[in-house]
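Worksheet: the structure to be examined is printed underneath.
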Amino acid sequence: MALSGDALLEREAATGLVTLAGYQAKNGQIPKFVDARAQEADFWYLGCIDATLWWLIALDFLDRRDPAGGLRQRHSPAIAKAIQWLEAQEHQRFYLLQQNEASDWADIMPRSGFVLYTNALWYCVKQRYGLSCGDETRANFNQLFHPFSADLADYRRARLLAHYAKRNAKNRDLYLSFVNFSFHGEEGDVFGNLLALLCGLADGEAARRTLRALDRAGIADPWPVRVVCEPIPAGSSQWRAYMSRHRQNLEWQYHNGGIWPLVGGFWVAALVRAGAQARAQAELLKLAGANALDGWAFNEWLHGRSLAPGGMRGQSWNAAAFLIALDAVREGSGAFALAPALQR
């Protein structure tokens with residue numbers, strides 16, 4: 001909304017954030033959804049850890065665009081409570097957030113323990129709000145989620161977690177989607193890997209390695225992007241019974257291999273961040289094509305193989321991600337990169 005160029009949308013961009021703040025839990029957590037008519041907040045089944053992270057990032061983003069509005073200053077008590085809640089989820093030696101299964105945007109995926117997507121956002125929050133131990137978060141992020149290129153950890157418990165991954169992992173070019181005690185995810189979490197680039201966690205070689213691996217997996221063919229490189233099949237040790245609920249998260253569907261135009265916008269922004277401007281422009285056109293299917297339905301997701309539309313029509317976050325991608329391409333320098341140093 002803030003990037004749209006539409007005066008009404010720009011003015012109302014903060015309204016949803018203010019509403020969420022009004023329903024903040026006593027412990028500081030931000031809900032993922034508010035039913036304003038019923039005056040009821042929703043925190044999902046096993047929690048919604050990323051709602052608090054995105055709320056903090058969005059507040060800071062809007063405040064940087066319009067410092068005169070004083071958004072951060074006006075909401076400083078809610079910000080302090082939200083940060084305190086997140087810090088209570090942080091491991092005191094890894095400086096990474098811990099979470100349960102199915103408790104972020106990928107709401108019926110079995111990622112747990114230390115989750116790539118969540119901790120990319122946590123590092124972003126630390127940078128934007130000047131929180132302590134940001135360097136330690138970055139170092140442990142790379143050491144834990146990509147132990148194949150990292151030096152041997154000093155902390156013995158980190159060495160053990162890395163040992164399990166190094167012994168069993170097959171895909172060593174992407175960041176692991178999560179790391180838990182003795183098991184990890186290597187389905188290729190596209191959103192998490194893109195956020196690692198956009199939040200400044202991947203250096204030049206790591207960024208190139210990650211983008212090459214995503215390209216090899218064909219995540220943007222024919223539409224950007226499929227959100228996992230290899231779906232988790234029924235019968236896998238990581239398969240959960242809840243993934244078949246409503247037959248929604250079977251292979252190549254929903255978060256288990258479906259195509260999400262939402263994430264496609266971040267794919268385009270990451271390409272710009274990596275300096276692949278011509279490729280980003282081509283992918284932006286493909287992203288427009290995905291949203292235009294079925295009479296500009298802005299479908300939530302498409303089947304990863306048949307391309308059949310799934311989920312809800314009219315997804316505003318598809319439109320938002322397209323505007324983010326468009327802004328990044330126009331700026332030509334990764335202006336929407338979540339790392340604050342690159343934020344205009």
Fill in: Under 3.5 Å side-chain donor-acceptor pair for W55 and Q24
no
Worksheet item: Is the distance between the ring centroids of F114 and F145 under 6.0 Å?
Response: no
Discussion item. Can you see whether F266 has R273 sitting over its ring - NZ or CZ less than 6.0 Å from the centre and within 45° of the normal?
Written reply: no
Discussion item. Using a strict threshold of under 4.0 Å (side-chain N to carboxylate O), is an ion pair present between R212 and E205?
Written reply: yes
Worksheet item: What class does the angle between the rings of H146 and F148 fall in, given that below 30° is parallel, 30 to 60° is tilted and above 60° is perpendicular?
Response: perpendicular
Discussion item. Ring centroids only, cut at 6.0 angstrom: are F141 and Y123 within range, meaning strictly under it?
Written reply: no
Worksheet item: Would one find more than 12 heavy atoms of other residues, nucleotides or ligands at under 6.0 Å from atom CG of D154?
Response: no
Worksheet item: Using 4.0 Å as the upper bound for N to carboxylate O, is an ion pair formed by R111 and D104?
Response: no
Discussion item. Between W301 and H255, is the ring centroid distance below 6.0 Å?
Written reply: no
Practice prompt. May I ask you to decide if the ring planes of W54 and Y117 are parallel, tilted or perpendicular, using 30° and 60° as cut-offs?
Written response: tilted
Discussion item. Does the plane of the ring in W317 sit parallel, tilted or perpendicular to the ring in W105? Use 30° and 60° as the thresholds.
Written reply: perpendicular
Practice prompt. Inspect the surroundings of OH in Y45 and state if more than 12 heavy atoms from other residues, nucleotides or ligands are less than 6.0 Å away.
Written response: no
Worksheet item: Taking atom CD of E251 and atom CD1 of I232, what is their separation to the nearest 0.5 Å?
Response: 9.5 Å
Worksheet entry | D107/K32 ion pair, N-O < 4.0 Å | no
Worksheet item: So with a 6.0 Å cut-off around CZ of R156, is the heavy-atom count from everything else above 12?
Response: no
